[in-house]
Structures are given as structure tokens and as C-alpha cells.
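Numbers restart at 1 for each chain; the letters A, B, ... are given by sequence-line order, proteins then strands.
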Amino acid sequence: MQVPNVMEAGVEGTVLKAEVRDLDFYYGAFHALKRVSMPIYDRHVTALIGPSGCGKSTLLRCFNRMHDLYPGNRYAGGGIVFHPDNTNLLSPEVDPIEVRMRISMVFQKPNPFPKSIYENVAYSLRVRGMRNKNELDDRVESALKGAALWNEVSNRLGELGANLSGGQQQRLCIARALASDPEIILFDEPTSALDPIATASIEELVTELKEKVTILIVTHNMQQAARISDYTAYMYLGEMVEFGITDQLFIKPQKKATEDYITGRFG
Amino acid sequence: MLQATDLNAIRAIITRAKRWDLFFSLLGILSLMIGILTFVVLFVDMAIQGVPRLSYEFFTSFPSRRAANAGILSAWVGTILVMLVTALSAVPLGVAAGVYLEEYAPKNWITDIIEINISNLAGIPSIVYGLLALGLFVYYFGFGQSILSAGLTLALLILPVIIVATRESIRAIPQAIHEASFACGATTWQTVRDHILPYSSAGILTGVIIGMARAIGETAPIITIGALTFIAFLPNAPFSGDPPAGLFDWIFAPFTVMPIQMFNWTSRPEAEFQVNAAAAGFVLVFMTLAMNGLAIWLRYRLRKNIKW
Ligand SMILES: Nc1ncnc2c1ncn2[C@@H]1O[C@H](COP(=O)(O)OP(=O)(O)OP(=O)(O)O)[C@@H](O)[C@H]1O
Ligand SMILES: [Mg+2]
């Protein structure tokens, strides 16, 4: 497998935020990621596409060490180098909790805690030891504003998060991920459980968020990848087939396999 | 396009298939009735015999050689105090063990062996716990034939129930919620404190009540460790008496409990004592039902915010 040329793909003036380098990952005996390499550019949206089961979620969940929660999962070689501090996120010396404090995640299905709207957002601040009521109030408000949810919930912050609509719940989860000022936010098919209108609002939100934060998003929807991402990575059977600037990858893919997939001849 | 005849054929198939629904629901009702009716008959019989005997004096009198003067004061006080010790020791231990096994324990063969043996513990006859407790609590630790020994014995007995209930209610929490907490940067302890325990508390509580309902009626292990069958005084209340009792002196007091009092009365030849036993049995069942009622109410309160 040819390693994509990072410098070739980079655009003038972009800064590397992280680099996946020759990453191998196993679920028990199953080799789920095979020497995967790709760059993640600072304050840009990078989309991961590929057919079901190709390892998109697996790669995404390496970034916040979610795999550490389950026995039998194994990072077997290579790593994810985080910039500017140049640490390997997957190294055993790095505390996964430290990684999760810097890189937050939004899941496929909205998963608010069975707590109030306020407490859902405040939770990522509380685990960081924030106790000051005024400070919490401010941060919760700005996170909800950042997730474009403030206007809808500002007068019912004490209500249960689960009482919101699906799209609102997903924006609540985005607010929760945003509250702690992460350096990267991971999205795993955040709109697959939502209707087209809620999807559009989440897409718009992602585009706004990249002003401040680096975004890595898994999507099944190629139009979505084309609409919101700056870079796209195409994966197949645990391998990185092609990485490129989204416009170029969709208009003139370098590989036949990529072309087949994005034109719908396969997948 | 379906023909009319096809439709009739389909309906015939459905009717035939539905006979099994009918058959099974009748079977289910029958099984349910056998269980419920047996309980109702026993309970009503006991109530007819015992309820007329219930009076203020019955609750405030010590046992006596004369049936008409005898009461259950020492028995119900003993039962409540023993249950208190049982709950205060079994709940923290059981919940902690359950949480450890679900959230912290490494997945290896040692954990597997521990898990298998917890289920085995639940199947050990209660008299065996009585023997263990006689040696361990009564003699070795020197707690004597006291409320403390009895409470700890029953705590051992219901510990497996609480551990299993804790683990099952933790497993009922969706993986997504679990992951959400970790993804926020929470440590395992923060996840347990802020999510696992609050969301599983309704289920844990059910397990606790089931365990307590079993413990409240246990007789054999309590007799084994030497509960008295005839006791005409109460443990000293904290700071009462002369010299004043300490806050926890009552845990070393000798005691009796409701089922032992009943057992004692049923073994007397006089018919009046049988009536006393029925009345005490009614009170015991009532205590159990009250506990269950409390559990249902608490469960409703705790689950109100949780939808899954
Ligand atoms: N916990 C697991 N244990 C074993 N194998 C797993 C596990 N999770 C995923 N896999 C396997 O790893 C491969 C990649 O799975 P992954 O979930 O990353 O796919 P995906 O690209 O996200 O697919 P989808 O688009 O359907 O979400 C699949 O073959 C899957 O069967
Ligand atoms: Mg996936």
C-alpha cells in the first residue's frame, strides 16, 4: 500500500494538526487497520469515506483511545503524532484520559446523559474540576451558542436532554464536545440518524466550527463529504486507498478504486 | 393481486396459528393463578386467624407464658435492628463488588473464577452460613450471640443477590452512555460516580429489596448463631440507662426476630399461641410488603429521568 504523500496534498498555508503514521490495529486476531497513514490539517474538515466495514470508525476511535475501553483491542504498530507537541497519542506512556481531554467526540446516535440540558454540557467541564457557578454558566452558554442550540433551549436548561428532538440532541452532544475547548472534534456519522433538515443544520454547524477547531468526520454520504470537507480519505478493507483535497479527489481521483466508489459503481 | 379465495386461505392460516396464542395465554393464566391463589389462601387464612389478635398491646408487650399477655415487641424491634445491620453492611459491600467486577476488574481467569463462585454462593443453603457465622462472628471475632452477628450473617447471605443485581443493572446501561462519559475525559471513578451508580440505582435497589425480603424471613442461620427464643427486654437505646449506653451498644445486645418468635409459638401446644403465631406472621408479611412498596415507589422516582 502506497503511503499518501502528505506534502503533495497540503495546501499553501495549512498547518499539520496530527499525522497517522503506518498505523496497524487489531480487534483480537482481526487486522482492522493496515498500515494506515494520513495527515490531519489544523482547522480544516477531513472526511473519512469508504464502504461499510472498511475501518472508518475504527480509525476515528483510535484518535481518542476509545479502543482502550475494551479488552483484546491492540494498537500494533505506527501511531498518531499530535502537533505541535509531537507526541504519539497511542504510545502506552500517554494517558488516554489526557488524549480525550484534548480530542472530543460526537457519536453516530445522539447519546445525551439522562441529565438536564445544562448538566449534559457542563459535564465535560466538571470532569476538568470546574466548580465555579458563573464560569460554568458562561461556558455552557457559549458551547450551546457554538452548537447553534442556545436560542432553542436557553429558557429550559433544566429540562432533560432526552426531551429534545433528535437533531437538537445531536447538537447538544456537539455542545458537550465543544464545551471543553478541544483541539480536534471527531464525528462518527453524526447525521445518519437524522432527517434532512436536522442534517443540514449539523452540516452548517460543522462548517462554522472549523474556524476554531480541527474536525475529522466519518460519513457514508458522499455528497456530505463533498459539501463540508476540505480533505477526504477513502478507505477500503482497513487500508487507506487515497487521500486528497476533497475537490480534487471527487473530480479527478488518482486511483481507479476511488473512482469506482465515488461514482457509485461500487460500494 | 390477491384473489378472494386467497384471502380466505390466509385468514384460515392466521386463525389456525392464533390458536397457539389462545392456548398459551390460558396456560399462562393458569400458572399465574396457581401461584397467586396459593399465596392468597395462605395469607387470608392467616389473616382470619391472626388479625383479631392484633392490638396496641400486642406490639408493645414482651413474650409471656400466658398467650393473652404475650406480644411481639422484642421480635419486631429485633427484626428491624438486624435488618438495619444487614442493609448497612451488605449494600456497600455488594455494590462495591458489583461495580468493581463490571468496571475495574481485568478480564482474566481469576475474574472468571470469582464470577462463577458468586453465583455458587447464592445457592448455598442458609444453615451453612449460620455455621460459618457461629464460628467466625460469634466466637472468633467475639461478637457473641448479638444483633451484630445476626446482621452480618444475613448480610453474607444476601451479598450474592446484591452483587448480581448490581452487575445486571450496570449492564443495562447503554454502551453509548458509558462511552460518552469516557469521551468527555472522565476517569473510571468519575464515570461510576456520575453515571453508572445514578443510572443503575433503581435496579440495584430492587436487588437489595429482594435480598432483604429473603433475609427478613430467615430462621435457620439466626437460630444457629444462637438467637434467644424468649427475650423480655430491649437493647439499650443510645445514651440511655445507667451507666449510659454508647451510640452503638445495641449491636452487641441479645435479640430475637419475628420468624423465631413465630417458630417458638407454633411449637407450643396451646391453641392461643397458634393465634399469636398467625398474628405475628401477618405482621411479618406486612413488613415485607411494606418494603416492596417502598422499593416500587423509589424505583419509580429514580427511573423517572431515564428512558432506555
Ligand atoms: N469490536 C469489534 N470486534 C471485532 N471486530 C470488529 C469490532 N468492531 C469492528 N470490527 C470489525 O472491524 C472492521 C471495521 O469496522 P468499523 O466499525 O471500523 O467499520 P466502518 O468503516 O465504521 O463501517 P460502517 O460504515 O458500517 O460504520 C469490520 O470488519 C468490523 O466487522
Ligand atoms: Mg462506523
Side-chain angles (χ1 to χ4, degrees), chain A residues 57 60-61 63-73 95-116 119-130 158-163 169 172-173 175-182 185-188 193, chain B residues 99-116 166-206 298-308:
Chain A
S57 300
L60 194 77
R61 290 159 66 88
F63 278 82
N64 67 344
R65 301 274 298 261
M66 251 340 169
H67 297 303
D68 292 39
L69 296 179
Y70 305 98
N73 296 346
D95 190 334
I97 294 169
E98 179 188 314
V99 175
R100 293 177 199 136
M101 289 212 172
R102 303 178 68 179
I103 302 182
S104 59
M105 177 159 181
V106 176
F107 295 78
Q108 180 167 3
K109 275 229 235 73
N111 55 356
F113 300 125
K115 296 180 187 286
S116 69
E119 283 305 324
N120 261 284
V121 181
Y123 192 66
S124 16
L125 302 166
R126 291 199 191 277
V127 297
R128 286 158 176 79
M130 195 183 285
E159 270 180 44
L160 276 186
N163 290 348
Q169 284 186 30
L172 180 62
C173 294
R176 182 175 69 193
L178 211 54
S180 53
D181 261 332
I185 302 186
L186 312 169
F187 288 85
D188 193 349
Chain B
V99 167
Y100 174 80
L101 284 173
E102 280 307 304
E103 296 294 324
Y104 287 91
K107 300 279 174 279
N108 56 27
W109 61 272
I110 302 179
T111 312
D112 288 345
I113 289 179
I114 292 175
E115 285 183 13
I116 292 167
T166 302
R167 300 189 62 191
E168 273 169 11
S169 25
I170 290 178
R171 285 200 207 132
I173 298 173
Q175 200 67 56
I177 296 287
H178 198 245
E179 289 190 352
S181 174
F182 282 105
C184 284
T187 58
T188 310
W189 170 244
Q190 284 169 330
T191 303
V192 166
R193 185 195 58 197
D194 301 331
H195 304 289
I196 303 298
L197 284 180
Y199 309 157
S200 62
S201 54
I204 293 175
L205 196 78
T206 310
L298 278 173
R299 199 156 62 211
Y300 166 77
R301 288 283 313 270
L302 291 170
R303 280 212 62 101
K304 221 167 39 182
N305 290 348
I306 296 173
K307 295 178 188 142
W308 57 63

Under 4.5 Å to a heavy atom of chain B? For A/Phe113 that would be both
May I ask you to test the A/Met130-A/Arg126 pair for a side-chain heavy-atom distance under 4.5 Å?
no
What part of B/Thr188 gets within 4.5 angstrom of chain A, counting heavy atoms only: side chain, backbone, both, or neither?
neither
A/Arg128, part contacting chain B, at a heavy-atom distance under 4.5 Å
side chain
Pair B/Glu179 + A/Arg61, salt bridge at N-O below 4.0 Å:
yes
Parallel, tilted or perpendicular, judged at 30° and 60°: which one describes the rings of B/Phe182 and B/His178?
perpendicular
Is A/Phe63 in contact with chain B via its backbone, its side chain, both, or neither, using a 4.5 Å heavy-atom distance?
neither
Residue from B/Pro198, B/Ala176, B/Ala180 scoring the most non-hydrogen pairs under 4.5 Å with chain A is B/Ala180
State, yes or no, whether a side-chain contact exists between A/Met105 and A/Leu60 at a heavy-atom distance under 4.5 Å.
yes
Which bit of A/Pro182 comes within less than 4.5 Å of chain B, counting heavy atoms only: side chain, backbone, both or neither?
neither
Is the backbone N or O of B/His195 less than 3.5 Å from a side-chain atom of A/Lys115, with the two atoms forming a donor-acceptor pair by type?
no
